[in-house]
Amino acid sequence: MNKISESMKKIILICIILFASFSVSAKCGIGVQVGADFSRKNIEDKNLPFVSVSFAMDSSPWVESLDYNVKNKSVEINFENWVIYKKISGTFNRYFLWGFGFGASFSDSKKIFSDSRLGAGLNYFAGENGSFEFYIQAVWALTYGIKKDSDYKIFLDPLRFPVSGGVRFWF
């Protein structure tokens, strides 16, 4: 467990450094989120909850997140493009997204996977100059990859639905 925790800390640090280096001239958001990853396998094994660190810039439609599921020891990095972003009222907005993700699981059934994502969400800005963003979103993630139980197998999970919510701090 300590090796995974140390590896996770290094990955998060690298992402923060890269994010900071690309965001010199833009308003940046760094946040935390929690969620549940609904799929047949995750529901059966009770592997639902995950925690994430998210990154965004106001000059880009892309939002990145680094997810960690403690129960099945998986790590996933996601890239989501908010293609439609519409104001509902005031600082309350809705968005639609597409994207992709890459990950690995280190539980009993080890796997490397990728996914294609479509989703929607709501966000609300609060605080001075919108410095706090609260959001919720649901995504359909068509997931595919290679897993190793007793031997290697290709898998496809067409019914995976991560749902998450969190807060992002803008500076």
Side-chain angles (χ1 to χ4, degrees), residues 4-5 7-12 14-16 18-19 22 28-58 60-86 88 93-124 133-149 151-168:
I4 291 176
S5 297
S7 298
M8 188 68 181
K9 288 177 188 176
K10 290 176 185 175
I11 290 170
I12 291 171
I14 289 168
C15 288
I16 290 172
L18 287 173
F19 177 76
F22 289 116
C28 305
I30 297 178
V32 293
Q33 66 187 29
V34 295
D37 197 346
F38 295 97
S39 71
R40 184 177 50 82
K41 180 76 171 143
N42 284 345
I43 291 170
E44 288 171 1
D45 296 343
K46 297 181 176 58
N47 287 336
L48 297 173
F50 64 87
V51 295
S52 302
V53 178
S54 67
F55 309 96
M57 291 189 303
D58 67 350
S60 171
W62 289 94
V63 176
E64 298 80 26
S65 67
L66 181 63
D67 304 346
Y68 180 65
N69 183 314
V70 177
K71 181 103 177 182
N72 71 6
K73 300 178 182 124
S74 68
V75 177
E76 181 175 8
I77 187 164
N78 299 301
F79 302 91
E80 298 171 343
N81 187 313
W82 291 15
V83 289
I84 299 174
Y85 188 81
K86 300 278 186 181
I88 295 173
N93 309 287
R94 68 176 186 241
Y95 57 90
F96 298 94
L97 63 92
W98 70 271
F100 54 93
F102 304 98
S105 176
F106 306 100
S107 63
D108 295 336
S109 175
K110 296 176 182 23
K111 61 184 172 182
I112 297 173
F113 60 92
S114 182
D115 63 37
S116 301
R117 307 167 70 81
L118 291 174
L122 300 169
N123 69 349
Y124 175 77
E133 175 191 7
F134 299 93
Y135 59 92
I136 58 171
Q137 72 178 35
V139 173
W140 170 57
L142 175 64
T143 307
Y144 36 89
I146 299 171
K147 67 180 178 178
K148 183 180 188 293
D149 292 318
D151 57 348
Y152 291 97
K153 297 177 185 170
I154 295 174
F155 74 92
L156 172 66
D157 186 354
L159 298 175
R160 185 173 155 237
F161 300 94
V163 177
S164 59
V167 61
R168 209 171 349 257

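The analysis underlying the following values was restricted to heavy atoms, covering all of them including side chains, and did not include hydrogens, waters or symmetry mates.
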> Considering non-hydrogen atoms only, spot the tightest contact between L118 and W98 and give its length.
CD2-CB, 3.8 Å

> Just wondering, do V32 and V51 contact through their side chains at under 4.5 Å, heavy atoms?
no

> Find the distance between CG (D37) and OG1 (T143) and round it off to the nearest 0.5 Å.
7.5 Å

> Where the side chain of S114 meets the backbone of G101, is there a donor-acceptor pair that is under 3.5 Å apart?
yes

> Any chance you could measure Q33, atom CD, to I136, atom CD1, to the nearest 0.5 Å?
12.0 Å

> Out of curiosity, I154 CD1 to Y144 OH, how far, rounded to the nearest 0.5 Å?
13.0 Å

> Would the distance check show the side chain of D149 and the main-chain N or O of D151 forming a donor-acceptor pair, the cut-off being under 3.5 Å?
no

> Between CZ of F100 and CD1 of I77, what distance do you get to the nearest 0.5 Å?
9.5 Å

> Taking all non-hydrogen atoms of both residues into account, name the closest pair between R94 and I88 and its distance.
CB-CD1, 3.9 Å

> Any donor and acceptor pair, going by atom type alone, linking the side chain of S107 with main-chain N or O of S105 inside 3.5 Å?
no

> Rounded to the nearest 0.5 Å, how far apart are CD1 of I146 and NZ of K153?
13.5 Å

> For the CZ atom of F50 and the OH atom of Y68, what is their distance to the nearest 0.5 Å?
14.0 Å

> Between Y135 and S164, is any side-chain donor less than 3.5 angstrom from a side-chain acceptor?
no

> Ignoring hydrogens, what is the shortest heavy-atom contact between F113 and F155? Give both atom names and the distance.
CB-CZ, 3.7 Å

> Do you know the tightest heavy-atom contact between Q137 and V139?
NE2-CG2, 3.7 Å

> Show every salt bridge (charged side-chain N to carboxylate O under 4.0 Å, His left out) that has at least one partner inside residues 112-124, sequence neighbours left out.
E76-R117, E80-R117, D115-R117, D115-R160

> Under the criterion side-chain hydrogen bond (donor to acceptor under 3.5 Å, both in side chains), I'd like the reasoning laid out for N93 against Y85: C-alpha separation, chi angles, the key distance, then a yes or no.
CA-CA 7 Å; N93 309 287; Y85 188 81; 3.0 Å; yes

> What pair of heavy atoms forms the shortest contact from L122 to Y95, and how long is it?
N-CE2, 3.7 Å

> Minimum heavy-atom separation for L97 and W82, please, with both atom names.
CB-CD1, 3.9 Å

> Counting C-beta onward and ignoring hydrogens, is there a side-chain heavy-atom pair between N78 and V63 closer than 4.5 Å?
no

> When you measure from the side chain of S65 to the backbone N and O of D67, does any donor-acceptor pair fall under 3.5 Å?
no

